[in-house]
Number of protein chains: 2
Amino acid sequence: MTFTRAVSATNRLLDMLLPKDREQLLVNCEHMELNIGEVLYRVGDVIPHVYFPTGGFISLVASIDSTNLEVGLVGNEGMLGITLLLGVDTAPFTALIQGAGTALRISVSSFLRILEQSPELHRVLKRYLYVTMSQLAQTAACTRFHLVEGRLARWLLMSQDRAHADHFHITHVFLAYMLGVRRVGITKAANTLQQKKLISYQRGEIRVLDRAGLEAISCGCYKADKEIYGRIMG
Amino acid sequence: MTFTRAVSATNRLLDMLLPKDREQLLVNCEHMELNIGEVLYRVGDVIPHVYFPTGGFISLVASIDSTNLEVGLVGNEGMLGITLLLGVDTAPFTALIQGAGTALRISVSSFLRILEQSPELHRVLKRYLYVTMSQLAQTAACTRFHLVEGRLARWLLMSQDRAHADHFHITHVFLAYMLGVRRVGITKAANTLQQKKLISYQRGEIRVLDRAGLEAISCGCYKADKEIYGRIMG
DNA sequence: AGATGTATGTGTGCTGGCGAACAGAGGACG
DNA sequence: CGTCCTCTGTTCGCCAGCACACATACATCT
């Protein structure tokens with residue numbers, strides 16, 4: 001999956017911080033490339049780094065039996081590794097790079113050290129964790145009740161937000177994996193969206209043609225997620 | 001829903017604390033009855049109290065469109081209001097009393113005051129929050145992939161654990177509501193379980209006859225949840 | 001050009017769960 | 001005692017998504 005490189009290389013979470021805290025983090029961060037398909041860590045792994053995506057984005061995937069299901073998406077509006085706030089050093093989900101781009105990365109030890117020194121940083125990240133939890137529940141219900149077409153539209157919108165580009169690369173197989181449905185289900189839903197002129201795609205290149213139309217057809221969960229983020233993160 | 005009153009009126013979370021912290025909390029707590037069907041708070045409400053169930057238990061319910069879905073269960077192994085740790089005073093889920101019994105209740109202001117004074121209390125509760133998040137994801141996947149029969153078995157086991165009784169009262173309608181399926185689906189699944197001599201029920205009185213059998217038929221998520229709790233809470 | 005691999009489209013039959021509606025069966029209560 | 005109400009059982013048609021299988025299109029590499 002290759003995204004047009006995002007232009008704005010900022011992370012909204014970092015932007016919210018006091019300049020002092022942001023600097024503290026930034027000097028300890030290294031820039032890195034997020035390469036599609038790479039697994040940053042799996043459930044139960046000890047987390048080595050925290051990531052603040054600036055361009056790319058990352059899926060949080062829950063595994064069950066031998067299937068998988070995406071339960072969250074982390075882009076430049078958030079961070080990967082937020083559960084370290086809770087004093088547990090292992091990953092609750094598998095983290096899989098979905099959208100190529102860049103991220104800032106910091107070691108867990110540095111991260112925790114800076115975290116201890118800054119109540120304000122702590123405050124912001126705790127609120128982000130709250131948002132993550134809320135969205136987890138939202139996604140659970142969405143996955144249960146909503147049809148593939150609406151869920152696909154939601155996914156495309158969320159990804160577009162995080163990719164900061166109107167087109168990106170992802171195959172039906174992969175989408176099926178994320179949404180926990182068969183590939184054929186995606187093919188049909190994607191076809192419908194294309195016929196409605198909301199998107200266009202060919203061999204993995206997906207282009208969003210009509211955001212408003214997509215929002216209309218997507219389940220309300222897209223808006224609900226944004227609303228939660230806005231309300232809590234301000 | 002009326003449970004045989006639980007005999008052991010303890011809360012595992014409280015039991016894990018240092019005696020000092022536990023005392024601090026207990027002196028600020030009041031005993032109260034949990035009455036079936038009562039809503040302690042709804043999504044978005046400002047949380048007035050934190051609850052440590054000792055006998056009864058509470059459902060965390062996510063609402064979407066006009067349907068609902070249980071996304072978590074809080075019994076004497078946990079607490080209701082854990083998200084207050086994150087510095088947000090509103091509820092991310094609706095909290096609905098599922099199993100009659102007792103709970104210890106403390107005002108949010110007292111709770112937060114004590115929390116600030118005790119790093120150890122903080123430590124334990126953060127870990128519990130981590131468990132809650134993990135189970136949220138587990139439940140999301142379970143709800144997506146597993147069949148009603150297995151999910152019902154899981155629910156019964158979880159409830160039995162929290163009710164500390166081998167029988168309790170809950171109707172098919174209510175179970176349907178919790179699992180996000182039709183009542184008829186529950187009726188059929190419950191019938192199957194009964195024919196297999198795993199449970200018996202009549203007019204809402206459900207009795208677990210064969211725990212091991214239920215565990216075998218339930219989806220792996222029951223065990224997964226216990227495993228996570230055990231691993232993180234120790 | 002040919003060969004191989006990847007991505008998408010289509011078809012057939014199956015099933016779990018849905019919506020709606022109705023029938024009995026047991027309690028509760030006047 | 002009869003009446004109402006709650007809880008459970010059953011039926012019918014329907015559909016989204018499933019499993020499996022195969023066909024076509026494009027891309028890339030030799």
Side-chain angles (χ1 to χ4, degrees), chain A residues 1-2 36-37 64-70 140-156 167-196 199-207 217-219, chain B residues 1-2 36-37 64-70 141-156 167-196 198-207 217-219:
Chain A
M1 186 161 155
T2 43
I36 290 297
I64 191 176
D65 307 329
S66 47
T67 41
N68 299 279
L69 180 66
E70 184 187 80
C142 176
T143 302
R144 170 70 189 83
F145 293 115
H146 293 154
L147 302 189
V148 173
E149 191 171 309
R151 291 176 58 210
L152 175 59
R154 177 191 178 203
W155 198 95
L156 292 174
H167 67 111
F168 44 91
H169 188 98
I170 186 168
T171 66
H172 292 182
V173 178
F174 209 70
L175 281 166
Y177 175 87
M178 288 297 103
L179 299 188
V181 297
R182 285 176 319 150
R183 196 219 77 213
V184 177
I186 298 290
T187 300
K188 280 173 73 176
N191 227 312
T192 309
L193 296 185
Q194 187 164 33
Q195 277 166 15
K196 289 183 181 168
I199 63 172
S200 75
Y201 67 88
Q202 56 172 330
R203 293 188 75 70
E205 275 303 308
I206 294 191
R207 183 176 294 274
I217 218 173
S218 84
C219 55
Chain B
M1 184 162 158
T2 43
I36 291 295
I64 190 176
D65 307 330
S66 46
T67 40
N68 299 279
L69 180 67
E70 184 186 80
C142 175
T143 302
R144 170 71 188 82
F145 293 115
H146 294 152
L147 302 189
V148 173
E149 191 172 310
R151 291 175 58 207
L152 175 59
R154 177 190 177 204
W155 198 95
L156 293 173
H167 67 108
F168 43 92
H169 188 96
I170 186 167
T171 65
H172 292 183
V173 179
F174 209 70
L175 281 166
Y177 175 86
M178 288 297 103
L179 299 187
V181 298
R182 283 177 321 152
R183 196 219 75 213
V184 176
I186 298 291
T187 300
K188 281 173 73 176
N191 228 314
T192 309
L193 296 184
Q194 187 163 33
Q195 278 165 15
K196 290 181 180 167
L198 303 179
I199 64 172
S200 75
Y201 66 88
Q202 56 172 330
R203 295 188 72 71
E205 273 303 307
I206 295 193
R207 182 176 296 272
I217 218 174
S218 83
C219 56

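Throughout, protein chains are lettered first and strands after them, A, B, ... in sequence-line order, and every chain is numbered starting at 1.
- The only option from B:K196, B:K188, B:R154 that meets the side chain to side chain donor-acceptor pair (under 3.5 Å) definition with B:E149 turns out to be B:K196.
- A donor-acceptor contact under 3.5 Å is not formed by the side chain of B:R183 with the base of C:dG19.
- The CG atom of B:N68 sits 12.5 Å away from atom CG of B:L179, with the distance rounded to the nearest 0.5 Å.
- Remark on DNA chain D: of its neighbouring residues B:Q202 and A:G185, the 5'-side contact belongs to B:Q202, judged by nearest-heavy-atom nucleotide.
- With D:dC20, C:dA21, C:dT6 as the choices, the nucleotide that has an atom nearest any side-chain atom of A:R182 turns out to be D:dC20.
- Regarding contacts with the backbone of D:dG9, a side-chain N or O of B:Y201 is found under 4.0 angstrom from either OP1 or OP2.
- When rounded to the nearest whole Å, the span between CD1 of A:I186 and P of D:dA16 equals 15 Å.
- Judged by distance alone, with hydrogens and angles left aside, A:R203 brings a side-chain donor or acceptor within reach of the base of C:dT6, the pair sitting under 3.5 Å.
- Remark: side-chain polar atoms of A:R144 are paired, donor with acceptor, to backbone N or O of B:G180 under 3.5 angstrom.
- Note that NE2 of B:H146 and OG1 of A:T67 are 6.5 Å apart. Values are rounded to the nearest 0.5 Å.
- The distance between atom CG of B:L193 and atom C1' of D:dT8, rounded to the nearest whole Å, is 15 Å.
- Protein atom NZ of A:K188 is 8 Å distant from nucleotide atom P of D:dG17, rounded to whole Å.
- The CZ-C1' distance, from B:F145 to C:dG16, rounds to 15 Å in whole Å.
- Taking atom CD1 on A:I206 and atom P on C:dA7, their separation rounds to 12 Å, with Å as the unit.
- A:G204 comes within 4.0 angstrom of the backbone, heavy atoms only, and of no base.
- B:N191 has a side-chain polar atom (N or O) that falls below the 4.0 Å cut-off from OP1 or OP2 of D:dG9.
- Note that CZ of B:F145 is 8.5 Å distant from CG of A:D65, once rounded to the nearest 0.5 Å.
- When distances are taken from the side chain of A:V184 to each of C:dG9, C:dT10, D:dT8, the shortest belongs to C:dT10.
- Summarising the geometry, the separation between OH on B:Y177 and P on D:dC7 is reported as 16 Å, rounded to the nearest angstrom.
- Remark: P of C:dC18 and NE2 of A:H146 are 14 Å apart, rounded to the nearest angstrom.
- Between A:H172 atom NE2 and C:dT6 atom P there is a gap of 17 Å when expressed in whole angstrom units.
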